[in-house]
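Notes for the one structure printed next.
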Amino acid sequence: MSVPLRLVIFDLDGTVVDSQSNIVRAVKEVALALGVAEPPSAQIPLVIGLSLDEALLRLFPDIEPDTHQRMEATYRKIFTGLRSSPDYDEPLFPGTLEAFDALAQEGYLLGIATGKAQRGVDHLLKRHGLEGRFVTMQTPDTAPGKPHPGMIHNALGETGVLPENAVMIGDTSFDILMAVAAQIPSIGVSWGNHPPEDLVKAGAHGMIDHLDELLHAVQTLKKTPVAPPAAG
């Protein structure tokens, strides 16, 4: 009897790659470039994981629509400049490559569902030598942003994996809520952009404190139907 296809879907920013400081810096430079008040630094990580347009809307809610339109283009230009600077650093979290290898050796397919644009994903994969690791890569270029379940639905459709054989790995409540909406289980990571308690409240089926715990966490997930988190 053949083993069913199994898929582990990863968020990127805050889950796989430590990008917070670069994103905070880019948002502040956008505010400076456009002459608007910058949001408090503590608020910026809370929108990481959303599509760029939605994240900027939340950070700058009182800005005129025409300025919002310029913000997205300005952010992309600034971030492209940051990536090309000699001191640019966006490291993988410890244990990332080992976790990918361990999952692959056990027969799991690997996928991506991220708020990054595809251009940013391609740069990240090339920078860290991760090309060819992922059988499906979902971004806001091809599906609605998180927490809409569209990226997960696309990933399942591309791979032929059943929902009960997939799991989402993420660091924000947006990742977990996307998984809940898609009716697949999820595992939260404690080192990312949202507090662990927010991920549990959103409906995470498990939490890990280091990527060397991931394979065991995935293997021991209970195969039970996913229900929305309790209200309140």
Atom pair CG (Asn154) and CE (Met151), whose distance is rounded to the nearest 0.5 Å: 9.0 Å
Option among Asn193, Asp171, Asp13 that satisfies the side chain to side chain donor-acceptor pair (under 3.5 Å) test with Gln20: Asn193
Donor-acceptor under 3.5 Å (Thr67 side chain, Ile63 main chain): no
Note, His194 side chain near Leu199 side chain (heavy atom, < 4.5 Å): yes
With a cut-off of 3.5 Å and sequence neighbours excluded, list every side-chain donor-acceptor pair involving residues 25-41.
| residue | atom | partner | partner atom | Å |
| --- | --- | --- | --- | --- |
| Arg25 | NE | Glu29 | OE2 | 3.1 |
| Lys28 | NZ | Ser41 | OG | 2.5 |

Side-chain donor/acceptor of Thr159 to backbone N/O of Ala155, under 3.5 Å: yes
Verify same cluster id: Ile78, Phe60 (apolar side-chain graph, 4.5 Å): yes
Side chains of Arg76 and Arg119 in contact at under 4.5 Å (non-hydrogen atoms): no
Nearest non-hydrogen partners of Leu177 and Pro147, listed with the distance: CB-CB, 3.7 Å
Among Leu103, Leu215, Val161, Ile187, the one residue meeting side-chain contact (heavy atoms from CB on, under 4.5 Å) with Val8: Leu103
No-hydrogen, no-angle side-chain donor-acceptor test under 3.5 Å, Gln138 and Thr136: yes
Derivation of the side-chain contact (heavy atoms from CB on, under 4.5 Å) call for His68 and Leu57: CA-CA 7 Å; His68 268 300; Leu57 280 170; 3.5 Å; yes
Sub-4.5 Å side-chain heavy-atom contact between Phe10 and Asp175: no
Closest heavy-atom pair and its distance - Asp209, Ser190: OD1-OG, 2.8 Å
Atom pair CZ (Arg83) and CG (Asp89), whose distance is rounded to the nearest 0.5 Å: 13.5 Å
Non-hydrogen atoms of Met207 and Pro196 that approach each other most closely: CE-CB, 3.7 Å
Ile9 and Val167: CA distance, side-chain angles, deciding distance, side-chain contact (heavy atoms from CB on, under 4.5 Å) verdict: CA-CA 6 Å; Ile9 306 171; Val167 57; over 6 Å; no
4.5 Å side-chain heavy-atom contact, Asp18 and Glu90: no
Enclosure of His210 NE2 (heavy-atom neighbours >12, cutoff 6.0 Å): yes
Hydrophobic cluster identity match, Val47 and Leu56, side-chain contacts under 4.5 Å: yes
Between Glu164 and Gln183: side-chain donor-acceptor atoms closer than 3.5 Å: no
Heavy-atom donor-acceptor pair, His128 side chain to Leu130 backbone, under 3.5 Å: no
Short side-chain donor-acceptor distance under 3.5 Å, Asp101 and Gln105: no
hydrophobic_cluster_shared for Leu97 and Leu125, side chain cutoff 4.5 Å: yes
Heavy-atom neighbours of Glu64 CD exceed 12 at 6.0 Å: no
Side chains of Ser19 and Asn22, donor plus acceptor under 3.5 Å: no
Ala179 versus Ile152, closest heavy-atom pair with distance: CA-CD1, 3.7 Å
Stepwise side-chain contact (heavy atoms from CB on, under 4.5 Å) check, Leu211 with Trp191: CA-CA 10 Å; Leu211 279 164; Trp191 56 81; 3.7 Å; yes
Pairwise side-chain contact, Asp53 with Tyr75, heavy-atom cut-off 4.5 Å (strictly under): no
Presence of salt bridge, Lys201 and Glu197, under 4.0 angstrom: no
Min side-chain heavy-atom separation Phe93-Thr15 under 4.5 Å: no
From CG (Leu221) to CG (Asn165), nearest 0.5 Å: 11.0 Å
Considering all heavy atoms, the nearest Val218-Tyr108 contact: CG1-CE2, 3.6 Å
Linked, directly or transitively: Val16 and Ile208 (ILVMFWY side chains, under 4.5 Å): yes
Verify same cluster id: Met137, Leu124 (apolar side-chain graph, 4.5 Å): yes
Note, Ile176 side chain near Thr172 side chain (heavy atom, < 4.5 Å): no
side-chain contact (heavy atoms from CB on, under 4.5 Å) assessment of Gln219 paired with Glu106: CA-CA 10 Å; Gln219 291 178 325; Glu106 291 296 319; 3.7 Å; yes
CD1 on Ile48 to CD1 on Ile23, rounded to 0.5 Å: 4.0 Å
Point-to-point distance, once rounded to the nearest 0.5 Å, from OG of Ser186 to CG of Asp11: 12.0 Å
Phe100/Phe134 aromatic ring centres below 6.0 Å: yes
Polar side-chain atom of Lys146 near backbone of Ala113 as donor-acceptor pair, under 3.5 Å: yes
pair Pro163-Leu156: side-chain heavy atoms closer than 4.5 Å: yes
CG on Leu162 to CD1 on Ile184, rounded to 0.5 Å: 12.0 Å
Residue pair Ser51 / Gly145: nearest heavy atoms and the distance that separates them: CB-CA, 4.5 Å
